[in-house]
A.B. asks: 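Have a look at this one before I ask anything.
Just so it is clear, the structure is predicted and the values come from calculations on it, not from any experiment. Index from 1, following the sequence.
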Amino acid sequence: IDRRLAMGIGEQRDPGQVARRDVDRLAQASGIGSAFVADVFVRLAQAMPAAFAEVAKAYREAHGDSLVIARMADVIERQCRRSVKLISGR
C-alpha cells in the first residue's frame with residue numbers, strides 16, 4: 001500500500017489524508033453534487049475493509065498466510081476509518 005494515490009482526490013494524493021474539502025473539490029471539478037460524492041466516498045470507505053477481508057481469505061485459502069496481506073488489511077482498515085472520520089465527522 002502506497003502513501004500516494006496515482007490520481008489525486010481534490011488536491012490530496014495521500015489516501016489517509018483525504019478530507020471533506022478534497023471531496024468537495026473533486027465534486028466541483030466533476031460537476032457532481034458534493035453531498036452525493038461525500039456519501040459515495042464514505043460508503044465505499046466503510047465497505048472496503050470487509051471486501052478486502054473476503055479477498056484476503058480467498059488468497060490465504062489458495063496460497064497460505066501472508067504477512068503482506070495482513071499488513072494491507074491493517075492499512076486499509078486504518079485509512080478507511082480515518083477517511084470516514086475526515087469526510088463525515090463520524
Side-chain angles (χ1 to χ4, degrees):
I1 304 276
D2 198 337
R3 299 283 306 170
R4 306 253 327 144
L5 297 169
M7 182 179 105
I9 296 174
E11 294 182 4
Q12 187 58 256
R13 287 184 171 270
D14 183 338
Q17 299 298 318
V18 175
R20 180 60 189 246
R21 68 183 172 279
D22 302 306
V23 173
D24 291 344
R25 285 181 185 128
L26 172 64
Q28 183 179 19
S30 303
I32 302 172
S34 181
F36 175 78
V37 174
D39 181 61
V40 169
F41 198 99
V42 166
R43 285 188 287 129
L44 286 171
Q46 290 170 331
M48 199 174 301
F52 184 78
E54 291 180 31
V55 171
K57 180 182 177 198
Y59 181 91
R60 283 192 302 275
E61 289 171 356
H63 305 286
D65 285 336
S66 167
L67 292 175
V68 172
I69 296 295
R71 170 102 170 94
M72 288 173 69
D74 290 342
V75 170
I76 289 168
E77 174 70 33
R78 188 172 52 254
Q79 287 183 346
C80 287
R81 191 174 341 111
R82 179 170 172 80
S83 292
V84 168
K85 184 177 180 181
L86 288 171
I87 293 166
S88 71
R90 294 186 252 155

A.B. asks: Do Met72 and Val55 belong together in a cluster built from hydrophobic side chains that touch within less than 4.5 Å?
C.D. replies: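 Different clusters: Met72 never reaches Val55 through Ile, Leu, Val, Met, Phe, Trp or Tyr contacts under 4.5 Å.
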
A.B. asks: Kindly work out whether a path of hydrophobic side-chain contacts (I/L/V/M/F/W/Y, heavy atoms less than 4.5 Å apart) joins Val23 to Leu44.
C.D. replies: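 The answer is yes; both residues are in one hydrophobic cluster.
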
A.B. asks: Going only through I, L, V, M, F, W and Y residues with side-chain contacts under 4.5 Å, is there a path from Ile32 to Leu26?
C.D. replies: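 Both belong to a single hydrophobic cluster.
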
A.B. asks: Run the side-chain contact (heavy atoms from CB on, under 4.5 Å) test against Lys57 and tell me which residues pass, sequence neighbours left out.
C.D. replies: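 For Lys57 the side-chain contact (heavy atoms from CB on, under 4.5 Å) partners, ignoring immediate neighbours, are Arg60, Glu61.
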
A.B. asks: Tell me, which pairs form a side-chain hydrogen bond (donor to acceptor under 3.5 Å, both in side chains) where one or both residues lie in residues 5-15, sequence neighbours left out?
C.D. replies: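 Sorted pair list: Arg3-Asp14.
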
A.B. asks: Which heavy atom of Ala45 sits nearest a heavy atom of Ser83, and at what distance?
C.D. replies: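 So the two residues come closest at CB-CB, 4.5 Å.
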
A.B. asks: Show me the pairs that pass ring pair (Phe, Tyr, Trp, His ring centres under 6.0 Å) and involve residues 10-62, at least two apart or across chains.
C.D. replies: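 Ring pair (Phe, Tyr, Trp, His ring centres under 6.0 Å) check on residues 10-62 returns Tyr59-His63.
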
A.B. asks: Holding to side-chain hydrogen bond (donor to acceptor under 3.5 Å, both in side chains), I want the full list of residues that pass it with Arg82, two or more places apart in sequence or in another chain.
C.D. replies: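 Listed in chain order: Gln17.
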
A.B. asks: Let me confirm one number: the OG-CZ distance from Ser34 to Arg21, rounded to the nearest 0.5 Å.
C.D. replies: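 Atom-to-atom, Ser34:OG and Arg21:CZ are 13.0 Å apart.
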
A.B. asks: Mind listing the closest non-hydrogen atom pair of Val37 and Ala27 along with its distance?
C.D. replies: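 Closest approach of Val37 to Ala27, heavy atoms only: CG2-CB, 3.7 Å.
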
A.B. asks: Hey, is Asp22 close enough to Arg25 for a salt bridge, meaning N to O under 4.0 Å?
C.D. replies: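 A salt bridge is present here (some side-chain N lies under 4.0 Å from a carboxylate O).
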
A.B. asks: Does the pair Arg20/Asp24 count as a salt bridge with the N-to-O cut at 4.0 Å?
C.D. replies: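 Salt bridge: yes.
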
A.B. asks: I want to check something: taking the side chain as every heavy atom from C-beta on, are Val18 and Leu86 in contact at a cut-off of under 4.5 Å?
C.D. replies: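 SC-SC contact between Val18 and Leu86 ruled out.
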
A.B. asks: Quick one: which residue pairs count as a salt bridge (charged side-chain N to carboxylate O under 4.0 Å, His left out) with a foot in residues 26-44, not counting sequence neighbours?
C.D. replies: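 Every pair satisfying salt bridge (charged side-chain N to carboxylate O under 4.0 Å, His left out) with a residue in residues 26-44: Asp39-Arg43.
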
A.B. asks: Going by the ring pair (Phe, Tyr, Trp, His ring centres under 6.0 Å) test, which pairs reach into residues 68-90, not counting sequence neighbours?
C.D. replies: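 Found none.
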
A.B. asks: Under the ring pair (Phe, Tyr, Trp, His ring centres under 6.0 Å) definition, can you give me all pairs with a residue in residues 70-90, not counting sequence neighbours?
C.D. replies: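 Of all non-adjacent pairs touching residues 70-90, none passes ring pair (Phe, Tyr, Trp, His ring centres under 6.0 Å).
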
A.B. asks: What residue pairs, at least two apart or across chains, pass ring pair (Phe, Tyr, Trp, His ring centres under 6.0 Å) with a residue in residues 65-90?
C.D. replies: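 Applying ring pair (Phe, Tyr, Trp, His ring centres under 6.0 Å) to every pair that reaches into residues 65-90, excluding sequence neighbours, yields nothing.
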
